[in-house]
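Shown next, in structure tokens, is the structure this report addresses.
Counting convention: from 1, in listed order, for ligands and their atoms alike. None of the values given here were measured: they were computed from a predicted structure.
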Amino acid sequence: MAHDSTREGASVTIRPASTVGGVVRIPGDKSISHRYAMLAAIAEGVSRFHNFSAARDCASTLNCVAKLGSAWKQLDDGAIEVQGVGPRLRPPSEPLDCGNSGSTMRMLSGLLAAQSDAFTLVGDASLSRRPMERIRKPLAQMGAHLELTEGHAPITIQGAPLTAIDYTTPIPSAQVKTALLFAGLQASGTTTIRESVRTRDHGELALRAFGATLERTLDSVSIAGGQALRAIEAAIPGDISSAAFFLCAAALFPGSNLIFDALGLNPTRATLLDVLTALGAHIGVLNLEDKHGELVGVVQVNAPPQGLTGTTISGALSAQLIDELPVLAAIGPWTQNGIRIRDAKELRVKESDRIALIAANLRAMGADVEEFDDGLDIPGGQTLHGAEIDSGGDHRIAMAFSVAALRATGDTLIRGAESAAISFPEFFDLLDRIAER
Ligand code: S3P
């Protein structure tokens, strides 16, 4: 295997590969890491996390909880220890900087709304454009005082005693659901959140792991306020949304053989495996284990010799695959019948307008693609050439097009490649390791 991506400042050049193979261990899940760090802060005792995500987004969360009085440190073996301060956090002396992380800003808002102090949450330019009314509205119904800046960050919160609500989320969002669970934990009465699509349930599982009791039905979750949390020690499963780039690369290249060790397989996150199987990829799952309610296992992927078929992703599937859609779109041209994506308007309000950037970058590589308000049509049976990719500073766009670049003819320059560190700092090293040339 050659070491073949060239890095210069913010750009990376990707050379085509002949196939991909090897055994990889993907760093800890970002969604779980955020939630564990926040709950550890308000738990009694010291929590210890192995394989905590090295994502810059999770560092934003750790730095915020430190400013709220919950000190953390990294141990020699790489584990992260977070000192819980119990239910009452310390008022910070400066604004809480959430960086690029929507998860940090939205979930922390839920945690802080019930505290009795004042807080200001700020973010970078991308985060400051993202919609925050979706958390302000239900939290205000609970009695919280949140002020937004024209619907966005900066957010100021004047903590207040909260009262439970029964709330149906209008847009499927695990961040909003978790923010309300964190607020509900500190409210008087029992808060119920109902959702039409079951979004990732790491908030529910993490609360249980820290000792809270929750009630769940197929489409709702309820939490009684006033429950105390206690510290835990946990190993965080590999992030399947990071693995997605390599899962898709392995599904794309005939002759591939990629094995993922200790990968998170929570059913609310593993829809990509069903889609890749439907496209014809061979996926094996072994050694399933339960870690604090989270399913973990070994996954092996081989591409079908005849290539991938094609599919339409719409409705609930689009919500469940929201972070994986960029890479599925990026491999779409090589499928036989193409990839159609609908009901994915949320992609337009992620770290970038992902629908627009996917379309522009696929076209730059020579593909035919049609853009819709809520999705894309990517016809199959196409071959792409190397090009200059504009990631728009969006980590998932940079990584998705690095995968497309492996199969393109000629070299591809990924601009803004450093953004990969937002969720997956190890991405380019691992890509070099699995790419055979
Ligand atoms: C996340 C939920 C999703 C996802 C994001 C992480 C989470 O966002 O896109 O990367 O950890 O809850 P939404 O809740 O906005 O859909």
Side-chain angles (χ1 to χ4, degrees), residues 27-39 52-53 55-58 60-61 98-111 123 126-127 129-139 151-153 167 169-182 193 195-207 221 236-237 239-245 264 266 268-272 294 313 316-328 341 343-355 374 394-400 419-420 422-424:
D29 188 90
K30 181 160 88 77
S31 294
I32 300 174
S33 296
H34 282 301
R35 287 160 171 83
Y36 279 3
M38 289 185 200
L39 293 180
F52 191 89
S53 169
R56 208 180 288 157
D57 272 1
C58 295
S60 294
T61 289
C98 303
N100 190 246
S101 174
S103 297
T104 307
M105 185 167 276
R106 293 186 179 130
M107 298 194 295
L108 208 52
S109 294
L111 196 71
S126 150
L127 181 53
R129 283 192 295 269
R130 297 181 63 188
M132 292 297 149
E133 179 62 16
R134 57 185 64 188
I135 50 161
R136 194 205 61 81
K137 195 173 162 212
L139 287 171
H152 310 278
Y167 188 72
T169 51
I171 310 161
S173 167
Q175 292 174 357
V176 173
K177 175 177 63 174
T178 307
L180 298 181
L181 286 172
F182 287 0
I193 302 130
E195 47 182 9
S196 57
V197 173
R198 188 162 193 186
T199 61
R200 63 190 72 189
D201 64 355
H202 305 300
E204 294 89 310
L205 297 177
L207 279 157
V221 54
I236 298 178
D239 193 323
I240 193 166
S241 298
S242 295
F245 301 101
N266 177 320
T268 61
R269 290 288 297 286
T271 309
L272 180 64
E294 295 285 353
I313 296 161
L317 270 187
S318 295
Q320 281 157 354
L321 285 164
I322 198 74
D323 292 340
E324 288 73 56
L325 292 176
V327 66
L328 275 169
I341 298 170
D343 306 318
K345 210 172 169 182
E346 274 291 296
L347 283 180
R348 294 204 182 269
V349 291
K350 290 291 178 189
E351 287 82 331
S352 69
D353 178 343
R354 288 183 173 160
I355 293 179
D374 66 341
D394 183 326
H395 55 128
R396 296 202 202 278
I397 298 293
M399 294 187 280
S419 60
I422 287 294
S423 62
F424 196 177

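A salt bridge links D323 with R396: at least one charged nitrogen is closer than 4.0 Å to a carboxylate oxygen. In this structure, R134 pairs ionically with E346, as a charged nitrogen and a carboxylate oxygen lie closer than 4.0 Å.
The proximity of K350 to ligand 1, defined as any non-hydrogen pair under 4.0 Å, is limited to the side chain. Contacts with ligand 1 closer than 4.0 Å are made by heavy atoms of both the backbone and the side chain of S31. Only side-chain heavy atoms of R396 come within less than 4.0 Å of ligand 1; its backbone N, CA, C and O stay farther off. Of all the heavy atoms of R35, the ones lying under 4.0 Å from any atom of ligand 1 belong exclusively to the side chain. Contacts between R106 and ligand 1 below 4.0 angstrom, taking non-hydrogen atoms only, involve the side chain exclusively.
Below 3.5 Å of separation, one finds no N or O of M107 facing any N or O of ligand 1. Annotation: Q175 places an N or O atom under 3.5 Å from an N or O atom of ligand 1; distance criterion only.
Of the protein's non-hydrogen atoms, D323 OD2, 3.3 Å is the one closest to atom 4 (C) of ligand 1. With respect to atom 14 (O) of ligand 1, the closest heavy atom belonging to the protein is S173 OG, 2.7 Å.
Here the closest non-hydrogen pair linking F52 and S33 is CE1-O, 3.3 Å. Contact detail for T104 and S101: the closest heavy-atom pair is OG1-OG, 2.6 Å. For I422 against A55, the heavy-atom pair with the smallest separation is O-CB, 3.1 Å.
Across H202, E324, E294, a single residue satisfies side chain to side chain donor-acceptor pair (under 3.5 Å) together with R269, and that is H202.
Annotation for ligand 1: atoms under 4.0 Å from non-hydrogen atoms of I322 are 9 (O).
Every residue meeting the side-chain contact (heavy atoms from CB on, under 4.5 Å) condition with A344, not counting sequence neighbours, appears here in chain and number order: S318, L325, I341, L347.
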